[in-house]
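Have a look at the structure below before the remarks.
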Amino acid sequence: MRVSRFLLSTVKETPADAEVISHQLMLRAGMIRKLAAGLYTWLPLGLRVLRKVEAIVREEMDRAGAQEVLMPAVQPAELWQESGRWNQYGAELLRIKDRHHREFCFGPTHEEVITDVIRREIRSYKQLPANFYQIQTKFRDETRPRFGVMRAREFIMKDAYSFHLDLASLQETYDLMHSTYSRIFTCLGLQFRAVEADTGSIGGRSSHEFHVLADSGEDAIAFCDTCDYAANVEMAVSRLPAPSHEAVRAKEKVTTPGIRTVDEQATMLGISHERIVKSIVVMADDKPAVFFICGSDDLNTIKAAHALGAITLRLAEAAEVLAVTGAPVGFVGPLNLPATLTVIVDSQAAQTHNFSSGANQVDYHWINLNWGVDVPLPTVADVRSVCIGEQCPRCDGHLSIRRGIEVGHIFQLGTKYSQALNATCLDEQGKATVMTMGCYGIGVSRIVASAIEQNNDAQGIIWPNSIAPFHVALLPMNMHKSYRVREAAEKLYDELCAAGIEVLFDDRKERPGVMFADMELIGIPYRLVLGERGLDEGVIEYKERRTNTGQNIGLADVVAFMQAQLTQ
RNA sequence: CGGGGUGUAGCUCAGCCUGGUAGAGCACUUGCUUCGGGAGCAAGGGGCCGGAGGUUCGAAUCCUCUCAUCCCGACCA
């Protein structure tokens, strides 16, 4: 490709509304342009990268035996009503009406559609297992799109759905997808981890997320430093410390005027955070519930929602706390709460002896409360978030926490959708059986951004070879003055192209500094500079973007040399 | 959805407080010089100052409403 014929829309200044480095560089390199909040146009340079990511995903999905399909982006409301998600999904689902006032949505995901297709097409167990995928535009009306294509409203996703007669078959495909995903992210040249994850609103059983490690990631991931345990902090558990066996003391009510926080309570009463059990009032599916957790811990709202079997969960407002418990925020405690309230104690807080807690009365707290003595022990559940340094649940190692960008997610759906849509096939006995499903997503457009998060420097992007928009930048020095340089550059360009190497030939009438800066900004992995000086010696200057090292190559050897670089 | 910020040239921003008819740098066009790390000089094109209403002789500037957008939080395969 000749730069003079290519829309190379680089900009020097960093756009004001770009926060993370990948967003800034994608705008500066001229890969994307914003149309509206969360909606982006892919310019030629960006699209080349996107297509490379798609190609790798497609190749590996095909290799794993999945079949490609393409489903409509717009889906009828009836299917979503059949699965029950029309009402569940909320405002994130973009609902639209056609000219006949019939309701549709722009698909945020395709479980309903694929299940509808398969219930019509597959009749026999002999056709199973089967895995279908597509690479397609999705729309989710995010409350707050941000970070460019990282969290856009419209985005490209590879979604796959597998169908099985039984769980054993599902597990097999699930494992195959797990290893396929690992191959894909390895091919893409990304540092990633597979972690245990929550299934979220999509429902189902087991689930793993694939995260590209980056400080700008929106998710926190807990890792064991010894074994391979890794989990999203939404899910992560740690081993409880051994319970203490201290003597039960008599409870005592103390005045604590104006106390609001655990810190103030600890200071005023002269006790440690571990000896405080705080009470957190939540509204779960609009019904109140109270969680008791250690003063030093954070309530994990995902775990809390699971513990209640609730779909939505939020912290209660101050007025709601007062209405529900009769005590203002800061003074709620387990003793003498209204008996009708749902209460759950965290497994760690359940081990605490002689703890302090609110007295459900303004300006009073209890000290030396004990479960089973002063207060009946409520339902116990793990509802706290793990902290750095805690013990791994699987081994004697310790947990550390890093940030990650979720680029893939695999689920064992089970029969949630096949049941709802009555997707059955006949088993060996000729009996109709509800198929078991798995689903497997990859955020294709998000991968482009996450690759940049992991591969950049002060000059710009540094593409991994596998997804670089071009392999080589060919930069002639003063080609417009030197006939010799022009001749040699044109010849070399033809030879490289003929060898199947993707070359970006900078034939603009630009100064060298401009060319260098542009090629570094857009991240082309290899650079060939051709000038009068080199021509005199029959060489061309070769340089690697990532290492900033290079050497002179004999003109006759350039094609072979570049081929070797690209296949290594 | 709560809190905060910002809308002035394609981009980054100044001007607004203290009303008087539009600015800089970058980018773009042309010419000359320069020519291996984002050149210099000169000339030029480009803005309904987000939109609507109001105050005023006069509004980018003051007031009201509205729209958009960004950040923090809540939410989120």
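Treat the numbers as computed from the prediction; the structure is a model and nothing was measured. All values below were derived from every heavy atom in this structure, side-chain atoms included, with hydrogens, water molecules and symmetry-related copies excluded.
In terms of heavy atoms, A/Ala304 sits closest to A/Leu299 at CB-CD1, 4.1 Å.
Pairing of B/U34, defined by two Watson-Crick or G-U wobble distances under 3.5 Å, is not identified with any nucleotide. Look at B/C17: it lacks any Watson-Crick or wobble partner with both distances under 3.5 angstrom. B/G53 is paired with B/C63 under the Watson-Crick or G-U wobble criterion, all donor-acceptor distances under 3.5 Å. Under the Watson-Crick or G-U wobble criterion, with both distances below 3.5 Å, B/G45 is left unpaired in every strand shown.
Salt bridge status for A/Arg484 with A/Glu532: present, with a side-chain N to carboxylate O gap under 4.0 Å.
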Exercise. Encode nucleotides 68-74 of chain B as B, S and - characters from 5' to 3', where the letter depends on protein heavy atoms closer than 4.0 Å: B to the base, S only to sugar-phosphate, - to neither.
Key: -SSSBBB

Practice problem: Treat primed atoms plus P, OP1 and OP2 as sugar-phosphate and everything else as base, then score nucleotides 34-44 of chain B 5' to 3': B for base contact with protein heavy atoms under 4.0 Å, S for sugar-phosphate contact only, - for none. | Solution: BBBBBB-----

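Legend: residues meeting ring pair (Phe, Tyr, Trp, His ring centres under 6.0 Å) with A/Phe192, ordered by chain and number and at least two apart, are A/Phe185.
Contact annotation for A/Phe155: base contact, defined as any heavy-atom pair under 4.0 Å involving a base atom. Residue A/Pro15 is in sugar-phosphate contact alone, with no base atom involved, counting any heavy-atom pair closer than 4.0 Å across all strands shown. A/Glu209 comes within 4.0 angstrom of nothing in the nucleic acid, heavy atoms only.
Atom CD of A/Glu13 and atom P of B/A14 are 12 Å apart (whole Å). Counting to the nearest Å, the P atom of B/C76 and the CZ atom of A/Arg85 are 14 Å from each other.
Counting atom types as modelled, A/Arg151 pairs no side-chain N or O with a base atom of B/A77 as donor and acceptor under 3.5 Å.
The six-membered or imidazole ring of A/His178 lies near that of A/Phe210, with a centre-to-centre distance under 6.0 Å.
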